[in-house]
Each structure stands twice: as structure tokens, then as C-alpha cells.
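The next block holds one structure in the form of C-alpha cells; read it before the comments.
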Amino acid sequence: MKRMRIALVAAAAASALALAGCAGGGGGGEEPTEEAAPTFEAGTTMAALAEAGEITVGTKFDQPLFGLVGPDGVPVGFDVEIAKIIASELGISEENITWTETVSANREPFIENGQVDIVVATYTINDKRKEVVSFAGPYYLAGQSILVLADNEDIASEEDLVGQPVCSVTGSTPAANLKELGAEVLETDTYSNCLEPLRNGQVVAVSTDNVILAGLADQNPGEFKIVGEPFTEEPYGIGLALEDTEFRTWINDTLEAAYADGRYEEAWNATAGEILPFVEPPAVDRY
Ligand code: GLU
């Protein structure tokens with residue numbers, strides 16, 4: 001906030017000077033002091049992004065509360081706010097963020113081939129993914145849960161999914177967990193595409209992270225309900241290029257600063273916090 005106020009004062013001072021210039025009364029005035037741009041060690045990803053003044057962020061486009069694209073093509077949600085905090089620490093304003101839709105299955109490839117600079121997309125940190133990308137965070141701890149039709153009385157926990165048709169998403173940890181559990185998994189590309197199969201009885205449940213299911217249930221009042229307790233741990237990380245340790249460390253520092261000064265809580269309250277309680281963030285893992 002303070003940062004923004006300084007920028008606004010600088011902008012006001014600049015336009016006052018410009019007006020004075022038009023009126024012919026300028027001259028002798030000092031240049032308005034601009035907000036000092038953050039400086040980073042040459043050769044780092046931070047320096048390159050700050051210099052470019054833009055960043056490409058991979059996020060979800062169909063997940064209410066975390067990343068849901070609006071009619072203007074710009075996504076909103078908690079993941080989006082986390083990405084904005086990172087961008088702003090690089091001196092990059094919101095208009096200079098390019099949002100790219102990443103579905104569960106293309107997050108690693110998009111990072112590996114440089115299509116995105118970071119991924120903030122309900123992205124679980126795990127060892128398999130760490131073989132191909134790096135993760136800052138975690139910045140949130142979710143857990144896999146179950147969504148059924150509101151009038152379903154048969155499914156109460158993950159044990160009831162064994163041998164049953166259940167929808168989840170290709171390339172996600174919940175899809176892998178369901179297979180291990182012995183469910184018959186119907187895979188689609190996004191969680192919103194699981195809702196029709198649930199409505200028409202092709203599957204008995206949709207299973208993924210509790211917070212994603214909460215957003216889908218909230219978006220469709222009275223249609224669905226969440227059952228059972230979360231049965232996995234899904235720590236959400238920020239995906240970035242493998243072994244870019246300086247960038248990972250810097251994002252971890254940025255997250256910790258946002259935890260300490262209230263920006264994290266503010267981001268939560270403005271998005272997922274509309275229906276989910278605030279919980280203190282987990283400690284970052286500087287592996
Ligand atoms: N957090 C899980 C994952 O990263 C499920 C959510 C998602 O697919 O985005 O696979």
C-alpha cells in the first residue's frame with residue numbers, strides 16, 4: 001500500500017510538472033523522485049524479469065476462489081493474488097502480467113519449455129514433480145476430498161469410492177491417489193468438466209483438493225455437497241524452472257514478507273476467504 005501511495009504521489013507530481021510545462025511556467029523544478037525500482041543481482045531470473053518489466057504466470061482459469069477467469073479474460077482468485085504479490089516485488093504492475101491457462105497436466109511442460117515464468121495453480125509440491133521443476137512455498141495446505149450430488153447418501157469417505165466411477169483430472173495428484181485407492185477414474189482436463197458427468201450419473205463423485213471442491217459447490221448452490229474428511233496432504237507451491245535456486249529462494253523470502261506484513265491474509269480474505277476460514281500459512285520449505 002505504502003509503495004502504491006508513493007507511486008501515486010510521484011505520478012501526481014509528474015503531471016503537475018507537465019501542466020506547469022504546458023503553461024510555460026516550468027523550468028527550474030526538480031525532476032520528481034521516482035520510486036526506486038528493485039535491483040537484483042545481474043544474471044538472475046529476478047533481474048531479467050524486472051528488466052523486462054513483465055512476467056508470464058500460469059494459473060487455473062476455471063477454479064472459483066483460486067483462479068477463475070472473468071469476462072474480461074483476467075483471472076481472479078487466491079493464486080492470482082499470490083502471483084501479483086510476486087510480480088509487484090519485481091516492480092511489475094498488474095497490467096504487465098500475462099496470464100496463461102495451465103491445466104493440471106501441462107504445468108510441468110509449460111515451465112520446462114519456458115512458456116511461463118512461474119505457475120501458481122493449486123499446484124501440489126511432490127518429489128516426482130521436483131524431478132522436473134522447482135517449487136517455492138508451500139503457501140497453502142489443502143487436502144483431497146470428495147464431492148457428490150446433494151442427495152447422495154451412499155458415499156461418506158474415500159473407502160466408498162473403491163470400485164466406483166469417480167471423476168478427476170489428468171496429471172493431478174488426486175487422479176493418481178484415486179487409482180491407487182482402487183477407484184475407476186474418469187479423467188478430464190479440468191475440474192469444471194467433471195461436473196456434467198456427476199450430474200448425469202456417469203460418475204458417483206468428483207475428487208480433488210477440498211478447496212477446489214468448495215469453490216465448485218459454492219458456484220452451484222444446492223447441487224452438490226462435500227463428504228468425509230480430507231485424506232491426503234496437498235501443499236501448494238509456486239512452480240519455477242528446475243534448479244533456479246536463487247529465484248526459488250527469493251520467492252520464498254517474498255512469501256515470508258507477505259505473511260509477516262499482512263498481504264497474504266489480505267489476499268486470502270479478498271478471494272477464497274469469502275467462504276473459507278483463514279489459516280496461518282505453512283512454513284516455507286527451503287529444500
Ligand atoms: N493439488 C493437486 C495437484 O496439483 C490437485 C489440483 C490440481 O490438479 O490443480 O495435482
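As the structure lists them, so they are numbered: ligands from 1, and atoms in each ligand from 1. Side chains included, hydrogens not; waters and symmetry mates left out as well; all remaining heavy atoms used.
- Side-chain N/O atoms of Asp62 and Ser192 include a donor and acceptor closer than 3.5 Å.
- A cation-pi arrangement is present between Arg248 and Tyr287 under the rule of less than 6.0 angstrom and at most 45 degrees off the ring axis.
- The main-chain N or O of Thr170 is never found under 3.5 Å from a side-chain atom of Ser104 such that the two would form a donor-acceptor pair.
- In this structure, a donor-acceptor pair under 3.5 Å is present between the side chains of Tyr123 and Glu108.
- A donor and an acceptor atom, one from each side chain of Glu187 and Ser168, are nowhere located under 3.5 Å apart.
- Residues meeting the salt bridge (charged side-chain N to carboxylate O under 4.0 Å, His left out) test with Glu51, sequence neighbours left out: none.
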Is there any protein N/O under 3.5 Å from an N/O of ligand 1, and what does the full list of such pairs look like?
unit_1: ligand 1; atom_1: 1 (N); unit_2: Thr122; atom_2: O; d: 2.8
unit_1: ligand 1; atom_1: 1 (N); unit_2: Thr124; atom_2: OG1; d: 2.7
unit_1: ligand 1; atom_1: 1 (N); unit_2: Asp209; atom_2: OD2; d: 2.6
unit_1: ligand 1; atom_1: 4 (O); unit_2: Arg107; atom_2: NH1; d: 3.4
unit_1: ligand 1; atom_1: 4 (O); unit_2: Arg107; atom_2: NH2; d: 3.1
unit_1: ligand 1; atom_1: 4 (O); unit_2: Thr122; atom_2: O; d: 3.2
unit_1: ligand 1; atom_1: 4 (O); unit_2: Thr124; atom_2: N; d: 3.0
unit_1: ligand 1; atom_1: 4 (O); unit_2: Arg129; atom_2: NH1; d: 2.9
unit_1: ligand 1; atom_1: 8 (O); unit_2: Ser104; atom_2: OG; d: 2.6
unit_1: ligand 1; atom_1: 8 (O); unit_2: Tyr191; atom_2: OH; d: 2.6
unit_1: ligand 1; atom_1: 9 (O); unit_2: Lys60; atom_2: NZ; d: 2.6
unit_1: ligand 1; atom_1: 9 (O); unit_2: Arg107; atom_2: NH1; d: 2.9
unit_1: ligand 1; atom_1: 9 (O); unit_2: Thr122; atom_2: O; d: 3.3
unit_1: ligand 1; atom_1: 9 (O); unit_2: Thr122; atom_2: OG1; d: 2.8
unit_1: ligand 1; atom_1: 10 (O); unit_2: Arg107; atom_2: NH2; d: 3.2
unit_1: ligand 1; atom_1: 10 (O); unit_2: Arg129; atom_2: NH2; d: 2.9
unit_1: ligand 1; atom_1: 10 (O); unit_2: Thr173; atom_2: N; d: 2.9
unit_1: ligand 1; atom_1: 10 (O); unit_2: Thr173; atom_2: OG1; d: 3.3

